[in-house]
2 protein chains.
Amino acid sequence: MGRKRLQESADGRPTVHTVAARAGVSIASASRVLNGVGGSPETVRKVREAAAEVGYVPNAIARSLQSQRTGLVALAVEDIGNPVYVEMMRAIESVVADSGRQLLVHATGGQIANETALLRRLAHRYVDGMIVSPIRVTDDHLAALVDSPVPVVVVGQLPADAPVDNVRTDSRTGVGLAVDHLVAAGRRRIGFVNGPLDTVPGVARDAGFRAALAGHGIALDERLVEVGDFRYAAGRAATERLLARAQPDALVCANDLIAVGALHALLAAGRRVPEDVALVGMDDTELARMMFPQLSSVSLGSAERGRRAAELLLQRIADPTLPPRRVQVAPSLAVRASSASTPLFVPAPAEPAPAPRTPEVTA
Amino acid sequence: MGRKRLQESADGRPTVHTVAARAGVSIASASRVLNGVGGSPETVRKVREAAAEVGYVPNAIARSLQSQRTGLVALAVEDIGNPVYVEMMRAIESVVADSGRQLLVHATGGQIANETALLRRLAHRYVDGMIVSPIRVTDDHLAALVDSPVPVVVVGQLPADAPVDNVRTDSRTGVGLAVDHLVAAGRRRIGFVNGPLDTVPGVARDAGFRAALAGHGIALDERLVEVGDFRYAAGRAATERLLARAQPDALVCANDLIAVGALHALLAAGRRVPEDVALVGMDDTELARMMFPQLSSVSLGSAERGRRAAELLLQRIADPTLPPRRVQVAPSLAVRASSASTPLFVPAPAEPAPAPRTPEVTA
DNA sequence: TTGTATGCGTTATCAT
DNA sequence: ATGATAACGCATACAA
């Protein structure tokens with residue numbers, strides 16, 4: 001037979017039993033007072049006193065088991081070091097903390113296997129919900145998303161009919177903004193340094209680039225397109241390959257990290273930015289403003305997407321019966337020194353209005 | 001009377017009871033098989049089969065309540081957007097994930113109140129341990145650290161006798177490396193852009209700067225010292241103030257974010273880097289290598305400190321009786337273009353050996 | 001209002 | 001090897 005129930009927890013810390021015994025009341029009364037429901041003035045006083053004396057703190061686990069919620073929210077992104085995810089994480093952490101919850105982060109390395117494993121682990125119910133921003137999506141993966149045992153919000157593109165809360169932007173259109181701007185500035189030999197074509201953002205941006213050029217009646221020279229991954233080193237290497245075989249007068253990059261790599265490759269190759277080659281990045285992270293020259297960049301509203309995703313998740317946790325919602329955050333272009341000059345004597349476009357309030361779409 | 005125990009959890013998900021009933025065995029047997037201890041071949045087969053059929057997944061909360069551990073580890077830093085913490089977090093996340101645990105992040109904003117609150121919340125036992133990197137420390141705060149109810153590892157300076165696991169570096173010496181290097185390169189009017197003097201790193205770096213100059217017999221011109229916070233904008237503003245009243249031929253910055261701000265201020269003021277002003281940052285983050293010119297920077301081994309801190313924490317979780325340990329990570333200087341030139345025709349120092357294996361000290 | 005008893009889902013103990 | 005049951009710490013339905 002197990003030991004008789006003691007008044008202390010295994011590690012000697014006070015429990016409701018400790019408090020109740022000390023106050024000379026039942027654990028039910030103690031619990032009620034501790035939760036601020038019911039109790040006569042006298043009982044309240046005794047319990048409060050006893051709790052203070054022994055330094056009682058409720059056990060979060062036990063409370064979770066009872067309440068069926070952990071107060072935890074998870075975030076899964078490819079790389080917690082990429083500035084775009086850092087900004088997103090910051091925004092999410094803020095919203096989550098304000099709701100009295102805490103944020104758990106996972107780095108997936110962009111591996112589908114890791115992500116599906118993570119999704120399955122949700123069945124353990126160690127968190128109340130999860131925000132995931134996948135760069136690769138398979139049917140398997142999608143299925144895991146759809147019938148997740150806990151609320152999930154996806155940041156990124158998803159099939160239109162996927163019944164999952166979703167915050168997205170339109171990076172395809174975003175790339176278009178960059179191309180439009182460069183064309184208006186008189187550039188014609190516009191190159192593109194992209195991330196992997198087996199990723200969702202990679203294909204969207206590629207499509208956007210091609211569509212935009214076509215829209216301007218510019219024939220695409222395939223030598224002006226190069227691919228790496230979404231990091232700095234790959235961006236620099238890809239740009240070096242590109243420069244070895246072609247002469248762009250402008251470069252659009254699939255994110256800011258790549259753009260920084262491109263900038264270095266350009267400067268190392270003796271090209272002036274923006275005089276010889278105009279440069280536009282994407283994500284509009286703090287990094288873009290830190291470079292010299294400062295980088296023009298297409299904002300995809302990463303902080304806002306993070307904030308909105310967190311809000312969607314909290315709402316769904318509060319009410320799981322909500323229909324799937326979709327929020328769209330519009331891209332915008334921030335023009336800075338890396339593309340602002342007018343080397344061909346064409347008037348530069350006006351600076352766009354600062355961060356327009358993003359329209360909200362619910363589907 | 002409460003309802004009879006059912007075989008499903010409140011939300012309709014299978015529990016051990018479901019599996020046991022389906023397999024026609026007791027929950028004890030089911031649990032044993034599920035945990036891989038004991039069970040006849042026949043029982044094992046039946047239970048495994050039943051579990052697979054109903055898609056049983058153990059509940060992490062219930063398991064935690066029983067095992068008295070959550071499998072969660074927390075990290076509290078000032079700003080999860082600062083590249084130095086990003087690197088630290090990355091390293092920590094990696095170690096923590098490899099141990100099968102998960103990482104929880106908190107942003108404290110450098111506020112002591114937030115941190116002590118966080119420390120107190122540890123009493124709720126929602127995590128198995130915590131890594132905290134405070135930039136401000138008070139006695140109160142220190143007391144909370146010492147008698148924390150769960151293992152805590154501190155990254156940063158602490159009073160020598162504090163009985164807390166501690167990973168530290170020596171930023172005072174680190175600043176000295178920068179000054180030595182600049183003096184060797186012939187610079188004499190060396191300025192310093194620091195963070196707040198009411199922070200631990202702030203005072204350490206200030207002391208290091210003054211000591212290093214004194215060591216070279218150089219009188220300090222107070223107009224060459226300026227203070228802001230540890231972020232980009234403040235670094236730039238502080239440098240602008242400094243440049244308005246003094247003519248440095250070199251600048252040491254208390255971190256890389258400040259150094260980037262300084263670089264921009266210098267370039268905006270028409271100073272060439274490094275020809276007119278040599279620049280050295282601190283933390284040696286990826287950012288330093290991304291700037292043009294690339295920034296020399298004093299590495300404080302942020303990734304390694306993170307890794308070591310995580311290891312210390314995991315060890316202590318495994319064995320709480322361990323004596324307090326202290327790990328020291330040595331600073332080193334990475335010389336790059338921002339300070340590599342020899343404008344005064346003094347021979348430049350040789351590139352230091354690449355990342356020496358850090359000596360380990362246990363106190 | 002108060003106390004008793006039960007359940008949250010799991011693992012551990014003990015007797016069989 | 002197996003099953004009944006206690007225990008983890010808390011909250012609550014119900015009876016008093």
Side-chain angles (χ1 to χ4, degrees), chain A residues 1-21 23-47 51 54 56-71 123-126 149, chain B residues 1-21 23-47 51 54-71 123-126 128 149:
Chain A
M1 176 171 77
R3 69 180 165 81
K4 197 86 180 89
R5 176 184 283 274
L6 298 178
Q7 285 164 10
E8 287 189 344
S9 75
D11 52 349
R13 295 180 46 73
T15 73
V16 239
H17 293 87
T18 323
V19 175
V25 300
S26 72
I27 63 161
S29 290
S31 176
R32 276 187 292 256
V33 171
L34 263 11
N35 287 296
V37 300
S40 70
E42 174 63 2
T43 309
V44 169
R45 189 192 57 74
K46 286 189 297 186
V47 171
V54 300
Y56 171 77
V57 176
N59 180 305
I61 309 291
R63 185 175 289 209
S64 288
L65 183 59
Q66 165 69 25
S67 66
Q68 304 284 6
R69 50 177 53 229
T70 62
H124 294 239
R125 325 211 61 129
Y126 66 103
Chain B
M1 176 169 77
R3 68 178 165 82
K4 197 90 180 88
R5 177 184 281 273
L6 298 179
Q7 286 165 9
E8 287 188 344
S9 75
D11 52 350
R13 295 180 45 72
T15 73
V16 238
H17 293 87
T18 324
V19 176
V25 301
S26 71
I27 62 163
S29 290
S31 177
R32 276 189 291 257
V33 170
L34 263 11
N35 287 295
V37 300
S40 71
E42 173 63 4
T43 310
V44 170
R45 189 191 58 73
K46 286 190 297 187
V47 171
V54 300
Y56 171 76
V57 175
N59 181 305
I61 309 289
R63 180 173 285 191
S64 289
L65 182 59
Q66 166 69 28
S67 66
Q68 305 282 5
R69 48 178 53 227
T70 62
H124 294 236
R125 325 211 61 130
Y126 66 103
D128 294 338

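Lettering follows sequence order; numbering is per chain, from 1.
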Give every residue pair that meets the salt bridge (charged side-chain N to carboxylate O under 4.0 Å, His left out) criterion with at least one member in residues 61-70 of chain A, sequence neighbours excluded. none
Check whether A:Thr18 reaches the backbone of A:Thr15 with its side chain - one donor and one acceptor, N or O, closer than 3.5 Å. yes
Would you say B:Tyr126 reaches D:dG9's phosphate, i.e. side-chain N/O to OP1/OP2 under 4.0 Å? no
Please work out which residues in residues 23-34 of chain A have a non-hydrogen atom less than 4.0 Å from an atom of DNA chain D and list them by number. A:Ile27, A:Ala28, A:Ser31, A:Arg32
My understanding is that only residues two or more places apart in sequence, or in another chain, count here; which of them pass side chain to side chain contact (heavy atoms under 4.5 Å, CB included) with B:Ile61? A:Ile61, A:Ser64, A:Leu65, A:Thr70, B:Asn59
Would you kindly give the CZ-to-P distance between A:Arg69 and D:dA11, to the nearest whole Å? 14 Å
In whole angstroms, how far is the C1' atom of C:dT10 from the CZ atom of B:Arg13? 15 Å
How is the base pairing of DNA chain D summarised as a dot-bracket string, given the Watson-Crick and G-U wobble criteria with both distances under 3.5 Å, [ ] for crossing and | for another strand? ||||||||||||||||
Quick one: are A:Val54 and A:Arg13 in side-chain contact, heavy atoms under 4.5 Å? no
Are any of A:Asn35's side-chain N or O atoms less than 4.0 Å away from OP1 or OP2 of D:dC10? no
With sequence neighbours left out, what residues match B:Leu34 under side chain to side chain contact (heavy atoms under 4.5 Å, CB included)? B:Val16, B:Val47, B:Ala51, B:Tyr56
What heavy-atom pair brings B:Ala20 and B:Ala30 nearest, and what distance separates the two atoms? CB-CB, 3.8 Å
So which of residues 39-47 of chain A are in contact with DNA chain C, with a heavy-atom cut-off of under 4.0 Å? A:Gly39, A:Ser40, A:Thr43
Residues at least two apart in sequence or cross-chain that pass side-chain hydrogen bond (donor to acceptor under 3.5 Å, both in side chains) with B:Ser67, listed by chain then number, are none
Interatomic distance where CZ belongs to B:Arg63 and P belongs to D:dG9 [whole Å]: 18 Å
d(B:Lys46 NZ, B:Ser40 OG) to nearest 0.5 Å is 7.0 Å
Please give, in whole Å, the distance from C:dG9 P to A:Gln68 CD? 5 Å
Once you round it to whole Å, what is the distance between P of C:dG9 and CG of B:Leu65? 12 Å
Quick one: do B:Gln68 and B:Arg125 satisfy side chain to side chain contact (heavy atoms under 4.5 Å, CB included)? Show the steps, please. CA-CA 9 Å; B:Gln68 305 282 5; B:Arg125 325 211 61 130; 5.7 Å; no
Does anything in residues 25-44 of chain A form a salt bridge (charged side-chain N to carboxylate O under 4.0 Å, His left out)? List the pairs, not counting sequence neighbours. A:Glu42-A:Arg45
To the nearest Å, how far apart are B:His17 NE2 and D:dT5 P? 12 Å
Roughly, in whole Å, what's the span from CD in B:Gln66 to C1' in D:dC8? 6 Å
